[in-house]
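A short write-up of the structure that comes next.
FYI, the numbering just counts along the sequence from 1. Counting convention: from 1, in listed order, for ligands and their atoms alike.
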Amino acid sequence: MSQLLAGKTAIILGVANKWSIAYAIAESYRREGARLILTYQGERQKATVEDLGKDLGAAMVLNCDVTKEEELAATVAALSGEKLDVVVHSIAFANREDLSRPFLETSRDGYLLAQEVSAYSLVSVARAFAPLMTEGGSIMTLTYLGAVRVVQNYNVMGVAKAALEACVRYLANDLGAKNIRVNAISAGPIKTASARGIKDFSNVLDGVAAVAPLKRNTDPAEVGDTAVFLGSALGRGVTGNVIYVDAGFQVMGLATPE
Ligand code: NAP
């Protein structure tokens with residue numbers, strides 16, 4: 001069978017471990033024949049992500065803290081001569097205490113930190129890598145329903161995701177003339193290291209599985225396969241969009257578990 005991403009190079013930011021959504025995306029990309037470049041944040045993660053990169057057959061594994069312009073510039077320099085086709089931004093961070101106490105209590109520093117890592121970084125990543133996308137391509141990020149609805153305890157991250165989704169639309173407009181598409185995948189809740197920072201996250205998983213039209217949670221591989229669609233020629237007409245991969249949960253209004 002032909003592979004949907006054969007001949008394409010994808011840089012994937014946000015693989016921390018095998019449970020990361022970015023790892024599931026990398027697995028789908030590998031299956032579809034993409035050449036993979038992974039990044040990690042800081043020395044602490046280097047060995048782990050290099051090992052994961054070996055498992056995935058990654059061509060390169062690079063250090064890149066997205067809050068540091070000099071590290072983004074060094075990553076671009078390390079990619080000199082490369083043509084990129086796909087950029088996957090699968091990165092977010094907020095202080096743990098801001099994901100448990102009332103949103104009203106969010107500190108200025110906590111608010112700005114969540115915005116910087118989880119929303120602004122898409123802008124700096126797109127600006128850094130777009131010049132390497134010389135034949136056009138696809139940039140995508142990961143978002144969550146808490147951007148558009150109140151989800152208990154998601155708080156400051158919901159506000160950051162709202163900004164992120166707006167960034168997707170403005171970047172899609174800026175980069176469209178270069179045939180670079182920019183989209184977000186809104187994934188249903190998935191048990192990952194980041195998700196464990198949200199208070200009562202297991203209740204969210206149970207609640208979604210009980211009322212979502214598909215009566216189950218989201219499989220990370222489903223997110224990976226949607227990322228393949230967006231990164232491949234199949235997604236060539238889609239930009240500026242948020243695609244929900246959430247077992248249908250976002251269409252539900254008032255719902256009582258059966
Ligand atoms: P994850 O495995 O913890 O991935 C988050 C990644 O962000 C980690 O690799 C982390 O690196 C990285 N990161 C944080 N700050 C960074 C920085 N300054 N520079 C570079 N990388 C940085 O959790 P995940 O759930 O897969 O999250 C991936 C994305 O999916 C996030 O945007 C998240 O909001 C989104 N999402 C998750 C869910 C869910 O339920 N899990 C649902 C919808 C959307 P370190 O580990 O080294 O800090």
According to the ring pair (Phe, Tyr, Trp, His ring centres under 6.0 Å) rule, which pairs have a member within residues 129-150, sequence neighbours left out?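 Residue pairs passing ring pair (Phe, Tyr, Trp, His ring centres under 6.0 Å), neighbours aside: Tyr144-Tyr154.
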
For Arg108, which residues count as a side-chain contact (heavy atoms from CB on, under 4.5 Å) partner, sequence neighbours excluded?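 Arg108: side-chain contact (heavy atoms from CB on, under 4.5 Å) contacts with Leu112.
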
Partners passing side-chain contact (heavy atoms from CB on, under 4.5 Å) against Arg96 (at least two apart in sequence or in another chain):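 Residues passing side-chain contact (heavy atoms from CB on, under 4.5 Å) with Arg96: none at all.
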
Between Tyr120 and Leu142, is there a shared hydrophobic cluster once you connect ILVMFWY residues whose side-chain heavy atoms come closer than 4.5 Å?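 No, separate clusters.
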
Neighbour list for ligand 1 [protein residues, heavy atom under 4.0 Å]: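 The 4.0 Å shell around ligand 1 contains Gly14, Val15, Ala16, Ser20, Ile21, Gln41, Arg44, Gln45, Cys64, Asp65, Val66, Thr67, Ser90, Ile91, Ala92, Val117, Leu142, Thr143, Tyr144, Lys161, Ala187, Gly188, Pro189, Ile190, Thr192, Ala193, Ser194, Ala195, Phe201.
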
Would you please say whether a donor-acceptor pair under 3.5 Å links the side chains of Ser28 and Asp225?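 A pair is found: one side chain offers a donor N or O, the other an acceptor, under 3.5 Å apart.
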
Just by distance, do the side chain of Thr9 and the backbone of Leu84 share a donor-acceptor pair under 3.5 Å?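 Pair absent, no side-chain N/O of Thr9 close to backbone of Leu84.
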
